[in-house]
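Predicted, not measured: the structure shown is a model, and the values here were computed from it. Starting from 1, each residue takes its place in the sequence as its number. Ligands are counted one by one from 1 in listed order, and the atoms in each one are counted from 1 as well.
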Amino acid sequence: MEKLVIEGGKPLNGEVRISGAKNAALPLIAATLLAPGVHVLHNVPDLRDTRTILRLLESLGLVWEREGTTLKIDGSGLRYSEASYELVKTMRASVLVLGPLLARLGRAKVSLPGGCAIGARPINFHLMGFEQLGVCCELEHGYVDAHIEGRMQGGTVYFDIPSVTGTENLLMAASLAKGETVIKNAAREPEIGNLIDMLSAMGAEIEGKGSDRLVVHGVEQLTAAESTIIPDRIEAGTYAIAIGAAGGDSIIKGCDPGHLPSLLEKLRLAGIKIEVGEDYLRVMASPLKNSIHPVDVTTMPYPGYPTDLQAQFMALMACSSGLSVIHETIFENRFMHVAELQRMGATIQIDGRIAMVKGLENKRLKGAQVMATDLRASSSLVIAGLAAEGRTDISRIYHLERGYENMVDKLTGLGAAVWKENE
Ligand code: EPU
């Protein structure tokens with residue numbers, strides 16, 4: 001297994017280019033199951049998770065090829081309807097094949113994802129939604145066995161909590177259902193807008209993009225189309241926070257600052273200077289001690305502060321000049337990074353879903369041996385390592401490789417001293 005080594009304390013100066021969004025690529029790749037023919041997807045990041053979903057598509061009968069960041073996926077060969085535990089257990093977003101399989105084949109047998117490091121993460125909203133469209137969902141031997149005779153029938157679906165992949169699954173299923181489907185309290189993340197654009201290019205009729213009420217007028221068939229994955233807002237946000245924590249003056253290129261409204265506001269409040277361009281961010285932070293102001297954060301569905309940037313912001317707050325309160329409202333167990341940050345000298349107290357972070361004022365975090373527990377927790381440790389004094393060794397970096405493309409090269413390009421070593 002490989003570990004990541006960081007020699008901390010170097011400011012980040014230069015330019016970094018943002019890749020396509022993991023959480024947009026996954027549903028768009030799943031959507032190629034909806035229509036025969038060759039779909040062309042541009043700006044697809046090459047990540048552990050995108051490779052996993054492509055393996056899953058192969059196991060369902062599809063073929064694909066990659067040329068640089070462009071993927072060509074032929075949806076014609078679809079003939080199997082079962083997603084095995086082996087694939088789903090490594091990536092819970094595999095449940096995104098449920099909607100397309102039901103729409104195309106009338107059957108989907110997909111392993112239940114089970115819990116993961118950040119919480120229980122059930123899929124009851126997805127199943128309840130399919131049932132509203134006439135699907136029978138049975139749970140047997142750890143699998144969801146969903147089936148319907150003929151086409152799904154449009155219906156009304158209300159989510160108690162806006163679910164990102166739940167909304168995406170329902171959009172894909174409803175696109176080929178008979179009649180109209182209304183999704184109420186739908187999630188509004190930009191990745192959903194990206195999926196709606198792809199489905200529309202394939203011939204789907206969807207109203208309400210960007211709002212929490214989506215109306216899908218089902219069509220009889222969809223055709224293959226060409227789409228582009230939006231830039232990864234979480235990757236861009238991670239680099240912005242890293243520059244804030246380590247200090248420096250850098251340009252984050254190829255991103256969409258409009259997708260980061262809450263983070264940019266929080267960074268400004270923390271005293272970090274941000275220049276916003278149409279497709280870039282310039283982040284300027286003093287590497288001097290005691291210059292980061294404490295800022296409270298509560299995670300919320302989009303356009304609120306993203307849970308996927310909570311761990312990274314906590315690393316920044318650990319270096320601040322006072323007390324900040326971080327409230328995680330989306331996932332019940334997303335504080336796994338806290339114990340590792342504490343090993344680096346951070347002062348953090350947890351009370352349920354609230355973390356109280358006492359900044360180190362004029363002291364610095366100290367490099368240490370730490371362990372990555374999930375994707376975003378890993379990037380928070382990277383940020384802490386960049387800001388810390390001395391050497392940090394982060395083990396289990398396969399988590400990081402699930403969602404950050406070429407992180408070592410990108411950070412090296414900004415002047416960080418970071419490399420991989422065998423454990
Ligand atoms: N929920 C339920 N039942 C469901 C679905 C969701 O109770 O059937 C709850 C969840 O437990 C959670 C809340 O609803 O409390 C919202 O979860 P959501 O369904 O929106 O999460 P998700 O679709 O499984 C996606 C991202 C996550 C991101 C969340 C929240 C993808 C592939 N994954 O997950 O990304 O944290 O939305 O924004 O889009 C990551 O990239 O590191 C990551 C975990």
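- Under the salt bridge (charged side-chain N to carboxylate O under 4.0 Å, His left out) rule, E235 has a single partner from K410, K253, R376, which is K410.
- Protein heavy atom closest to atom 19 (O) of ligand 1, with residue, atom name and distance, is S163 OG, 2.6 Å.
- Each of the following atoms of ligand 1 lies closer than 4.0 Å to a heavy atom of H126: 8 (O).
- With a heavy-atom cut-off of 4.0 Å, E332 does not touch ligand 1 at all.
- Near L375, meaning under 4.0 Å from any of its heavy atoms, are these atoms of ligand 1: 42 (O).
- Counting atoms of ligand 1 from 1 in the listed order, those under 4.0 Å from a heavy atom of K22 are 40 (C), 41 (O).
- The N/O atoms of T307, backbone and side chain alike, include none that comes under 3.5 Å of an N/O atom in ligand 1.
- Checking D49, I53, I330 against atom 12 (C) of ligand 1, the nearest heavy atom belongs to I330.
- Here's the thing with E189: none of its N/O atoms is less than 3.5 angstrom from an N/O atom of ligand 1.
- Residue-ligand proximity, A93 to ligand 1, at heavy-atom distances under 4.0 Å covers atoms 32 (C).
- Geometrically, ligand 1 and V164 share a nitrogen or oxygen pair separated by less than 3.5 Å.
- Close to ligand 1: R92, with a non-hydrogen atom less than 4.0 angstrom away.
- By the 3.5 Å distance cut-off applied to N or O atoms, D308 is counted among the residues near ligand 1.
- Taking only non-hydrogen atoms, the option from Y302, F125, F331 nearest to atom 9 (C) of ligand 1 is F125.
- Distances from ligand 1 to the non-hydrogen atoms of Q310 include no value under 4.0 Å.
- Distances from atom 14 (O) of ligand 1 to the heavy atoms of L26, I161, N124, T299 put I161 nearest.
- The two residues P306 and I234 come nearest to each other via the heavy atoms CB-CD1, 4.1 Å.
- In terms of heavy-atom proximity, A201 sits nearest to A225 at O-CB, 3.7 Å.
- Within the structure, the closest approach of P162 to ligand 1 falls below 4.0 Å when heavy atoms are considered.
- Side-chain contact between H39 and L28: absent, with no pair of heavy atoms (C-beta onward) separated by less than 4.5 Å.
- Heavy-atom separations between P122 and ligand 1 include at least one value shorter than 4.0 Å.
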